[in-house]
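Hydrogens, waters and symmetry mates are skipped; everything else that's a heavy atom, side chains included, is used.
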Amino acid sequence: MINRVVLVGRLTRDPELRKTNSDVAVASFTLAVDDRSKNAEGKQNTNFIPVTVWREQATNVCKFVRKGSLVGVDGRIVQRSFERKDGTKASALEVVADSVKFLEPKGAKNNAEAPKDDINQVEPEEKEMKGVDIVDDDLPF
């Protein structure tokens with residue numbers, strides 16, 4: 001059997017860091033992932049997927065990403081069963097992340113609200129290539 005999930009999306013809120021009784025870090029956040037399908041009004045459907053990450057990766061997620069950050073998650077789906085306060089049984093699906101990759105540079109402006117055409121725009125002066133002087137003694141071959 002294979003239970004593997006790869007997602008790319010934006011955080012809907014800041015991650016929450018907690019510690020277990022044995023002092024193991026665990027963080028949770030919700031990832032907004034666009035679907036390929038569109039609804040009746042022509043808007044893209046979005047899925048909101050709960051994600052849990054453990055140990056050092058949990059600490060790093062809480063340090064470096066915030067609401068709106070673009071991340072890639074590699075993990076597995078886990079189903080939890082629990083009993084509500086009123087005594088009814090319930091279950092929940094979540095992704096337990098083995099790896100979370102930060103897909104935006106540190107300190108980048110949040111592009112979640114930016115129009116898609118403007119996200120990868122480069123200023124004209126940045127497009128120009130500057131010459132690089134290389135001395136033959138600097139070459140490794």
Side-chain angles (χ1 to χ4, degrees), residues 1-135 137-141:
M1 303 292 163
I2 297 174
N3 180 359
R4 205 82 216 136
V5 174
V6 178
L7 301 167
V8 174
R10 294 194 180 275
L11 275 70
T12 62
R13 58 184 166 83
D14 289 350
E16 296 175 18
L17 183 65
R18 300 178 310 281
K19 298 273 185 164
T20 65
N21 292 338
S22 55
D23 205 36
V24 176
V26 59
S28 59
F29 56 90
T30 301
L31 199 63
V33 180
D34 288 337
D35 200 345
R36 290 186 181 189
S37 63
K38 296 187 179 194
N39 64 18
E41 293 85 35
K43 288 182 140 185
Q44 196 162 21
N45 291 323
T46 302
N47 297 301
F48 298 94
I49 302 166
V51 179
T52 302
V53 60
W54 291 85
R55 297 179 179 73
E56 185 178 347
Q57 186 89 112
T59 306
N60 287 334
V61 163
C62 290
K63 256 192 236 179
F64 297 111
V65 296
R66 297 282 172 256
K67 177 181 177 178
S69 296
L70 184 66
V71 298
V73 172
D74 178 22
R76 55 190 160 58
I77 294 177
V78 175
Q79 181 177 17
R80 291 184 294 113
S81 297
F82 58 95
E83 192 171 305
R84 293 187 178 127
K85 291 179 181 177
D86 64 1
T88 59
K89 293 185 180 183
S91 66
L93 288 177
E94 67 181 352
V95 172
V96 175
D98 296 325
S99 169
V100 177
K101 300 292 182 192
F102 311 141
L103 300 178
E104 293 178 316
K106 183 178 176 184
K109 284 176 50 178
N110 182 355
N111 291 323
E113 293 83 27
K116 293 189 187 233
D117 294 342
D118 294 340
I119 289 176
N120 295 317
Q121 292 294 323
V122 177
E123 295 297 320
E125 59 270 3
E126 292 179 1
K127 289 183 181 177
E128 295 177 21
M129 295 294 291
K130 305 276 192 265
V132 177
D133 294 330
I134 300 176
V135 180
D137 294 338
D138 291 339
L139 298 175
F141 46 90

Considering non-hydrogen atoms only, spot the tightest contact between [X] and [Y] and give its length.
{"X": "Ala25", "Y": "Thr59", "result": "CB-OG1, 3.7 Å"}
{"X": "Asn45", "Y": "Ser37", "result": "ND2-OG, 3.0 Å"}
{"X": "Pro15", "Y": "Leu11", "result": "CD-CD2, 3.7 Å"}
{"X": "Phe48", "Y": "Ala32", "result": "CE2-CB, 3.8 Å"}
{"X": "Leu93", "Y": "Gln79", "result": "CD2-CB, 3.6 Å"}
{"X": "Val33", "Y": "Gly9", "result": "CG2-CA, 4.3 Å"}

Which value, rounded to the nearest 0.5 Å, describes the distance between [X] atom [atom1] and [Y] atom [atom2]?
{"X": "Asp98", "Y": "Trp54", "atom1": "CG", "atom2": "CH2", "answer": "12.5 Å"}
{"X": "Lys63", "Y": "Phe102", "atom1": "NZ", "atom2": "CZ", "answer": "10.0 Å"}
{"X": "Asn60", "Y": "Arg55", "atom1": "CG", "atom2": "CZ", "answer": "14.0 Å"}
{"X": "Arg80", "Y": "Ser91", "atom1": "CZ", "atom2": "OG", "answer": "9.5 Å"}
{"X": "Lys43", "Y": "Lys38", "atom1": "NZ", "atom2": "NZ", "answer": "12.0 Å"}
{"X": "Arg18", "Y": "Cys62", "atom1": "CZ", "atom2": "SG", "answer": "9.0 Å"}

Glu104/Arg66 under salt bridge (Lys or Arg N to Asp or Glu O under 4.0 Å): CA gap, chis, key distance, verdict: CA-CA 11 Å; Glu104 293 178 316; Arg66 297 282 172 256; over 6 Å; no
Heavy-atom side-chain proximity of Phe64 to Val71 below 4.5 angstrom: no
Heavy-atom side-chain contact between Val5 and Val73 under 4.5 Å: no
Donor-acceptor under 3.5 Å (Asn3 side chain, Ile77 main chain): yes
Gln57 side-chain N/O to Val100 backbone N/O, donor-acceptor pair under 3.5 Å: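 It does hold such a pair.
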Over 12 foreign heavy atoms within 6.0 Å of CG, Asp86: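 Yes, CG of Asp86 has more than 12 neighbouring heavy atoms, counting only those of other groups under 6.0 Å.
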Glu56 CD: over 12 foreign heavy atoms closer than 6.0 Å: no
